[in-house]
Protein chains: 2
Amino acid sequence: MKNNEYKHCGLNVALTILSGKWKPMILYYISHTPEMRFTELWRIIPKITKKVLLDQLKQLEADGLILRQEKSGFPPEVSYQISEKGHALSPVLSALEEWANVHVSEKVEQFEQESGTRRWRRNGR
Amino acid sequence: MKNNEYKHCGLNVALTILSGKWKPMILYYISHTPEMRFTELWRIIPKITKKVLLDQLKQLEADGLILRQEKSGFPPEVSYQISEKGHALSPVLSALEEWANVHVSEKVEQFEQESGTRRWRRNGR
DNA sequence: CAAGAAGGTCACATATATGTAACCTGTTCA
DNA sequence: TGAACAGGTTACATATATGTGACCTTCTTG
């Protein structure tokens, strides 16, 4: 170890921002639709709870990856869009995905099968 | 939503593999040293516990990002190296890091300051 | 007038990740 | 002989993330 200290906080920050059981899926749907309404998103994503969906949306919004737009009136009408930051992230996410498909394809296939059933973070493996 | 289902499990797998409070740092040090011994790593990384360091090393090894090499004899001598998979990942991680530095630089700076103090996953924000 | 609509909150329960400290292994060295 | 060494395990405690269900709003419709 010369003087190469660990100064790569950006990586930690990025991973923190992305960490959340449903975030990749949420980002995916939001970035592939011009205006995604809350309820539609909830309908599309199989097993998430309203509360958790809301939590993760709030985090994504706070981190600037998505934009929330609220039209006044009743019933409420809220929709989400991908932001510029979020858009800038997507090639990087594709690269990550590509890496996984090439280098850990067994795990990817396994994941596809268990999908919806499994728990997110490990340690129980 | 046409028929564009979410089939991007690779991203989930990659993020799962990378998720762990100390993994980016561990990966960094291992990939920047030809042979990193357990104890040296432990000495270098400020506040991690032996147990947690071991856990994360095991996960990284199980996921194939690093290689563990054990020389027989006493006292034990174990060293870690980056694997080919791990090596292949590093440009992607750099891209992530770059994204963070460009798009969420405030958070990165904040992270640098709190470093070591802060907790990893949020929700308490 | 009761129920359903969309988006959201709250209090609480469970699951998973991380941390703390004690203990174990055979050499070597004082 | 007993302390230090490197790497590791174990039982337990705490922190954080996710899940469940009840409740709230105000307008519209049956």
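The sequence lines fix the lettering, A, B, ..., with proteins before strands; numbering per chain opens at 1.
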*Taking for each residue the nucleotide of DNA chain D bearing the nearest heavy atom, is the 5' side occupied by B:S79 or by B:K51?*
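The answer here is B:S79.
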Can you tell me the distance, in whole Å, between the [atom1] atom of [X] and the [atom2] atom of [N]?
X     : N      : atom1 : atom2 : result
B:L57 : D:dT9  : CG    : C1'   : 15 Å
B:L53 : D:dA6  : CG    : P     : 14 Å
A:M25 : D:dT18 : CE    : P     : 13 Å
B:I45 : C:dG19 : CD1   : P     : 11 Å
A:R43 : C:dA6  : CZ    : C1'   : 13 Å
B:E40 : D:dG7  : CD    : P     : 10 Å
B:K71 : D:dG7  : NZ    : P     : 10 Å
A:F38 : C:dA5  : CZ    : C1'   : 14 Å

*A:S31: partners by side chain to side chain contact (heavy atoms under 4.5 Å, CB included), with sequence neighbours left out*: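 With sequence neighbours excluded, A:S31 shows a side chain to side chain contact (heavy atoms under 4.5 Å, CB included) to A:I82, given in chain and number order.
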_Tell me every residue that passes side chain to side chain contact (heavy atoms under 4.5 Å, CB included) with B:K50, counting only those two or more places apart in sequence or in another chain._
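Checked B:K50 against side chain to side chain contact (heavy atoms under 4.5 Å, CB included); matches are B:F38, B:W42, B:L54.
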So which nucleotide from [options] ends up closest to the side chain of [X]?
X     : options              : answer
B:T49 : C:dT9, D:dT9, C:dT20 : C:dT20
A:Q56 : D:dG7, C:dT9, D:dT18 : D:dT18
A:V52 : C:dA6, D:dG7, D:dT18 : D:dT18

So does [X] get a side-chain nitrogen or oxygen closer than 4.0 Å to the phosphate oxygens (OP1/OP2) of [N]?
X     : N      : result
B:K47 : C:dT20 : no
B:W22 : C:dG19 : yes
B:K23 : C:dT18 : no

Short N-O contact, [X] and [Y], less than 4.0 angstrom:
X      : Y     : value
B:K107 : A:D63 : yes
A:E35  : A:K71 : yes
A:E40  : A:R43 : yes

*Run the side-chain contact (heavy atoms from CB on, under 4.5 Å) check on A:I30 and A:L60 step by step: do they pass?*
CA-CA 11 Å; A:I30 291 186; A:L60 288 171; 5.6 Å; no
*Quick one: label B:V78 by what it contacts on the DNA or RNA (base, sugar-phosphate, nothing), any heavy atom closer than 4.0 Å.*
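Sugar-phosphate only.
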*asked:* Using a 6.0 Å cut-off, check whether atom CD of B:E84 has over 12 heavy atoms from anything other than its own residue.
replied: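 Open: at most 12 neighbouring heavy atoms sit under 6.0 Å from CD of B:E84.
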*B/S/- contact track for nucleotides 23-30 of chain C, protein heavy atom under 4.0 Å*: --BB----
